[in-house]
Every structure is written in C-alpha cells, then in structure tokens.
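Note on naming: letters A, B, ... go to the chains in the order of the sequence lines (proteins, then strands), and numbering restarts at 1 for each one.
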Amino acid sequence: MTCSTLASPSPLRLGQVADLKGPADLATMQLMTQGKPNQDKKAQQYGVTPQSVDFNDWYNEVVKKADLADNSPVAGAMVMKPYGSALWERIVRWLDDAFKDRDHESLIFPTLIPMNFIMKEADHVEGFAPELFTVNKIGTEVLAEPYVLRPTSETIIGHMWSGWLNSYRDLPFLHYQWGSVFRAELRTKAFLRTSEFYWHEGHTAHASAEEAQAEVRMILDLYHQFCRDILALPVVRGEKTASERFAGASATYSIEGMMRDGKALQAGTSHYLGQKFSKAFDVKFQTRDQKEEFAYTTSWAISSRIIGALIMTHGDDKGLMMPPNIAPIQVVIIPVGRKDNFDEMVVEGEKLAAELRSQGMRVKVDKRDGVTNGFKYNDWELRGIPVRIELGPRDLEQGVVIVKNRTSEDKETLSRQDAVSGITARLDAIQSFLLKRATDFMLGNTVTVDSYDEFKAAIEDGKWVRAFHSGDAESERQIKEDTKATARNIPLDDAEFFAEREEGVCVHTGQPAAYGKRVIFGRQY
RNA sequence: CGAGGCGUAGCGCAGGCUGGUAGCGCACUUGGUUUGGGACCAAGGGGUCGCAGGUUCGAAUCCUGUCGCCUCGACCA
C-alpha cells in the first residue's frame with residue numbers, strides 16, 4: 001500500500017462552523033478571517049480556507065488559486081484558464097472516443113435557435129422560458145422573429161431531423177455535439193452554475209421505444225463507468241422522480257455523487273423523450289409495413305459541472321486532488337539543487353521525464369528558478385498533481401529518487417532504476433485509493449430512515465437519506481420546503497449502490513411507498 | 001428577482017464617521033545572498049479609490065442612481 005496513510009475523511013456537517021472547538025480550530029479560523037491586523041501573512045497569501053471552516057470559500061479559493069478558472073466581465077460566465085481547460089479537454093477526449101466507439105456521430109448545430117421552436121413543446125417552454133437569452137436585433141433592425149441562445153438543442157435538432165428522416169431504414173440517428181449552451185443564472189458559481197456552460201449533448205432517434213430506452217440506459221452506464229474508472233467518482237445510477245424530470249422528458253435518469261460537504265451533485269443525465277419532441281417537430285418515418293410513426297428520441301449530457309464534482313469529491317485543505325486517469329499532469333519532477341548544480345539536476349529530471357513519458361505518463365519538470373522547493377511542493381499540491389518526484393545531488397549520487405503521493409504525507413525513496421515501474425504502480429494505487437475513499441465517504445454518510453424525524457435530523461446533519469416515498473409530487477415539494485432536500489433519484493436495480501428492492505410506507509405521508517425501493521434524498525447543488 | 005454584505009495596486013486590507021489630492025502586507029521588477037517543505041536584504045515600478053451624476057473652492061470620503069461580486073431564498077446541468 002503506497003498511499004494509505006491519509007486519514008479517513010470525516011464528514012463535514014452543516015453547522016460545523018458554529019461548532020468550532022478548541023484552540024486549533026479557532027486559530028485556523030482567525031488565519032482566514034479578513035482584516036485581522038496580526039494574521040499570518042503566509043496563510044493569507046498561500047493558504048486556502050479549510051473545508052471545515054467554510055466549504056464554499058474553500059471551493060472558490062481552490063478554483064482560483066489552482067488556476068482552473070477566473071471570473072469574467074460577463075455576469076455569470078467564467079473563463080476556464082489553461083489548467084481548467086486542459087482538464088476539460090481530457091474529459092472531452094475520453095467521452096468523445098467512447099461515443100465514436102459506440103457508433104455515434106458528432107455534428108454541429110447553430111447556437112441561435114428561432115424563439116418559436118422553443119415554444120413548440122409545452123413542458124419544454126415552461127422549463128426554459130425564465131432563463132432564455134433572446135436576440136431580437138441585428139444592427140439596428142429589430143427582428144420580427146427573435147432568436148434565443150440555445151439552452152439545449154432538442155428543438156432545432158428535431159426540426160432538422162424531420163427533414164432527414166423518411167424510412168425506418170434511416171434509423172437510428174445517433175448524434176451528439178460538443179458546444180456551450182446558455183441558461184441565465186441568478187446565482188452563479190464556477191463550474192457548478194454558470195450562465196454559459198460547456199457540454200456535449202447527445203441526441204438520438206429510434207424506430208422503437210425499447211431501442212430508445214436501451215440507448216438511454218447504455219449512455220447512463222457509460223457515464224457511470226467514466227465517473228468510476230476515470231474520475232474516481234462513485235455515483236448512483238437512478239431514475240428521477242416526476243417532479244425532477246427534464247423539461248419535456250418522459251423519463252430522466254441521472255448519476256448522483258456526494259460532495260465532501262454531504263451535498264449531492266447530479267453529474268450526468270440521460271433522458272428518454274418518448275415521442276414528445278418528435279410529435280412537436282414532426283419527426284416521423286414510414287415503417288416496414290408502410291405505416292407512419294413518430295420516432296422515439298433521447299437526449300443526454302455531461303457538462304463542465306463535472307469538474308466541480310471532481311474538485312468537491314477529492315479535494316482537501318491543501319487543494320485539489322486529481323485522479324491520475326484524468327490529471328493533465330500526473331507526475332511533477334522537482335530538480336533540487338544549488339546554483340552550481342541546478343542545471344545538472346534539470347537535465348537529470350528531463351531524462352527521467354522522458355522515460356516516464358515513453359510509458360505514456362504525463363510529466364512536467366518544474367524548472368523554475370528563484371522559487372524555493374517548498375513553494376513548488378505546495379504549489380503542485382494545490383493543483384492536485386498525483387505524484388511528485390524530488391531529484392537532487394544526493395539522490396543522484398545514491399541512485400535514488402524521492403517520491404511523494406498527493407494522497408499521503410510520507411516521502412519515500414525509490415531506486416532510480418525502478419522509478420518508472422514504481423511510479424506506474426503509484427498512479428494506479430492513487431486512482432483506486434481516491435475511488436475507495438470517496439465511496440466509503442458516500443456510504444458512510446448515507447443513512448436509512450423510517451421516520452420523518454430521523455429524516456429531518458439526518459438531512460440537517462448533512463447526510464443523504466434513503467427513505468420510502470409515496471411518489472406524491474406535493475409531498476416532495478413539502479419535504480423540500482421543510483428540509484431543503486430533494487429526491488435525488490431512485491436507484492436502478494443494477495445500480496452499484498442502494499439498489500435493494502423493498503416495500504414500505506412513505507416516510508412523509510404514511511401512504512404505501514412507490515417504486516418498490518427507497519428513494520435517495522439529500523441537499524443538492 | 002427578494003433580503004443582507006462587499007467593491008481602494010495583481011491578491012488581502014487600512015483610510016471614510018470629522019472632505020484637503022492615497023497607504024500597508026504579499027505579489028511584481030532589478031541586484032545580491034539563498035535553495036531537500038511556502039527564503040532573506042536592498043533599491044524600484046504600479047492605483048482617474050467599480051461606474052455615472054450631484055453637493056463643494058476641493059470628493060476615496062457626503063448624496064442619488066447604476067453595475068459587479070459574495071452569502072441566504074426561489075430556479076437549474
């Protein structure tokens with residue numbers, strides 16, 4: 001075990017700020033309090049607010065200090081900086097390959113959508129109307145038919161499909177596009193909620209409901225696999241309750257992850273749209289027996305929000321922790337030397353980097369001069385680089401390198417000869433460690449309850465709750481009003497977690513429970 | 001969009017009550033000493049005080065409006 005020394009995570013409970021006890025906590029809090037004249041300048045300059053003091057401040061500071069993103073002059077729209085962009089690019093690349101491997105084809109639709117398209121599907125309009133950006137002028141000329149900046153593209157794709165589709169032989173359409181969409185947000189937060197965000201939107205059309213439903217499930221499973229194996233995010237696959245459905249969907253499925261403050265985050269969605277959009281946009285085809293039928297469509301997405309999930313699932317008080325499988329930089333080499341031998345150490349570092357790169361690793365050599373080693377260590381830890389290698393004159397002499405995992409406090413000595421295999425093993429170990437730690441955290445902070453009092457107490461404690469529910473929308477609304485928690489999803493039978501089928505009575509209304517299993521409730525992003 | 005808080009150098013802040021032409025720490029630049037866990041010394045550069053009006057001989061400071069950011073509420077991927 002190369003990375004098991006990290007203390008097991010403790011849940012950050014809501015209300016913990018007020019419960020600070022002891023001098024250590026108070027000292028920490030004072031360090032981060034603005035305007036204190038005698039505060040430690042280094043803490044002000046370099047540190048981030050500890051998660052336990054203020055999770056939200058921690059998040060905002062990590063995003064900025066790790067150089068993932070910055071605010072822009074456009075209200076609610078962020079700028080992804082090079083490190084954030086590199087991370088997003090890797091996410092895009094993996095998913096794009098996966099779609100293509102599954103016979104899906106990418107295409108590109110316009111950003112502007114005629115306003116009247118949005119109006120054609122009743123639930124869709126209702127869902128999106130409040131957050132539409134409208135373009136009603138070109139130059140000085142006022143448009144008779146305004147456009148909206150796409151909030152999602154079901155409508156314009158439906159419109160185009162209706163022209164492309166004639167026969168059942170044309171189906172399925174397995175399409176997707178990468179791009180950004182616009183949904184005006186009043187309260188924004190980097191990656192999690194911005195008025196413009198980046199995603200892929202998958203859109204498929206099928207000749208039968210069964211085939212479309214299979215597509216929806218296939219994609220959900222792909223998302224699950226991506227989160228688990230690449231991002232090391234444990235997520236629960238499940239179906240959304242009726243009141244949490246996508247505007248215009250017949251069924252919505254999601255993957256939900258737990259952040260380190262106990263809140264849920266929907267990391268991806270896959271929708272079965274039935275014939276709602278095909279009827280609204282006349283997407284029909286001739287069947288084998290010469291009848292006319294509307295296509296069954298789906299849509300699905302993972303957005304740049306997933307980066308928020310990555311930050312909030314793995315990060316600690318020092319900053320980010322990147323799972324090796326997605327990390328833009330997996331290994332950073334710090335040449336340690338004085339003026340007379342620093343250049344030599346850089347050369348040695350580059351040699352090692354070349355060896356590691358030849359094995360497919362993403363490696364950076366930190367050649368910065370005039371910055372102390374300690375600064376570099378902290379800097380790369382903030383950015384979450386999984387493995388750091390120190391290489392100095394002593395090491396060179398002894399034929400070793402010093403290695404430290406981001407997930408551990410211990411440095412270890414590795415023989416120079418075994419460096420490549422040793423580092424490879426470490427990356428694998430860190431990847432599985434992060435998944436296990438996050439999984440333990442999620443399971444350890446989910447409670448099964450059978451009374452509404454227990455329900456409220458657990459939610460107040462920042463946990464997820466598994467409870468029976470009647471399925472009544474009004475009851476869901478009241479629960480949300482009481483506790484700020486919503487139904488996250490109803491785990492699928494083959495979900496990795498919480499899938500047990502059970503019968504019971506609704507924790508809120510006392511009526512017979514719907515769904516044949518417990519529903520996951522939690523506060524959410 | 002409702003309630004609250006905050007906008008002064010890249011970052012964090014002081015100054016504002018009592019108007020008189022802007023300051024501190026860090027960062028940055030240069031030189032030197034350093035370098036195995038957030039270095040030190042010295043000399044420098046950088047701000048139309050969010051923006052727009054108003055009051056005044058004079059506004060960072062007082063008044064009005066407006067924009068932005070953060071928290072809470074309603075909404076969402």
Separation of the C1' atoms in B/A42 and B/U34, to the nearest angstrom: 15 Å

Nearest-Å distance once atom C1' is located in both B/G46 and B/U33: 26 Å

Check: A/W94 ring centroid to A/F226 ring centroid under 6.0 Å: yes

Pairs touching residues 122-132 of chain A that satisfy side-chain hydrogen bond (donor to acceptor under 3.5 Å, both in side chains), sequence neighbours left out: A/D123-A/K276

Touch class at under 4.0 angstrom, heavy-atom based, for A/D395 against every strand present: base

Given RNA chain B, 5'-ward residue of the pair A/K376 and A/A190, judged by closest heavy atom: A/K376

Residues forming a salt bridge (Lys or Arg N to Asp or Glu O under 4.0 Å) with A/R388, sequence neighbours excluded: A/E381, A/E390

Sugar-phosphate, base or nothing in reach of A/I402, heavy atoms under 4.0 Å: base

Mate of B/G68 where both pairing distances stay under 3.5 Å, Watson-Crick or G-U: B/C6

Geometric class of the A/Y223/A/H200 ring pair [parallel <30°, tilted 30-60°, perpendicular >60°]: tilted

Pairing partner (Watson-Crick or G-U wobble, both distances under 3.5 angstrom) of B/A39: B/U33

Pair A/E154 + A/K120, salt bridge at N-O below 4.0 Å: no

Sugar-phosphate, base or nothing in reach of A/K411, heavy atoms under 4.0 Å: base

Touch class at under 4.0 angstrom, heavy-atom based, for A/G76 against every strand present: sugar-phosphate

Pair A/E474 + A/R477, salt bridge at N-O below 4.0 Å: yes

B/G47 pairs with, by Watson-Crick or G-U criteria that keep both distances under 3.5 Å: none

Watson-Crick or G-U wobble mate for B/G23, both contacts under 3.5 Å: B/C13

P-based separation of B/C63 from B/G20 [nearest Å]: 15 Å

Separation of B/C70 P from A/D70 CG (nearest whole Å): 11 Å

Protein-nucleotide distance (A/D482, atom CG; B/G73, atom P), rounded to Å: 14 Å

Sugar-phosphate only, base, or nothing, as touched by A/N373 at under 4.0 Å among non-hydrogen atoms: sugar-phosphate

Pull out every protein N or O sitting under 3.5 Å from an N or O of nucleotides 74-77 of chain B, one pair per line with the distance.
from: B/C75; atom 1: OP2; to: A/K480; atom 2: NZ; distance (Å): 2.8
from: B/C75; atom 1: O2; to: A/E185; atom 2: OE1; distance (Å): 3.4
from: B/A77; atom 1: O3'; to: A/Q266; atom 2: NE2; distance (Å): 2.2
from: B/A77; atom 1: O2'; to: A/R305; atom 2: NE; distance (Å): 3.3
from: B/A77; atom 1: O2'; to: A/R305; atom 2: NH1; distance (Å): 2.7
from: B/A77; atom 1: N6; to: A/T194; atom 2: O; distance (Å): 2.7
from: B/A77; atom 1: N3; to: A/S303; atom 2: OG; distance (Å): 3.3

Aromatic ring pairing A/F99/A/W300, orientation class (parallel under 30°, perpendicular over 60°, tilted between): tilted

Sugar-phosphate only, base, or nothing, as touched by A/R368 at under 4.0 Å among non-hydrogen atoms: nothing

Counterpart base for B/G73, defined by Watson-Crick or G-U wobble contacts under 3.5 Å: B/C1

Donor-acceptor pair under 3.5 Å, A/R338 side chain vs B/G36 base: no

Touch class at under 4.0 angstrom, heavy-atom based, for A/K339 against every strand present: base

G-U wobble or Watson-Crick pairing nucleotide for B/U56 (cut-off 3.5 Å, both distances): none

Rounded C1' spacing from B/U61 to B/U55 in Å: 13 Å

Qualifying residue for side chain to side chain contact (heavy atoms under 4.5 Å, CB included) with A/I389, from A/L414, A/L356, A/V365, A/V363: A/L356

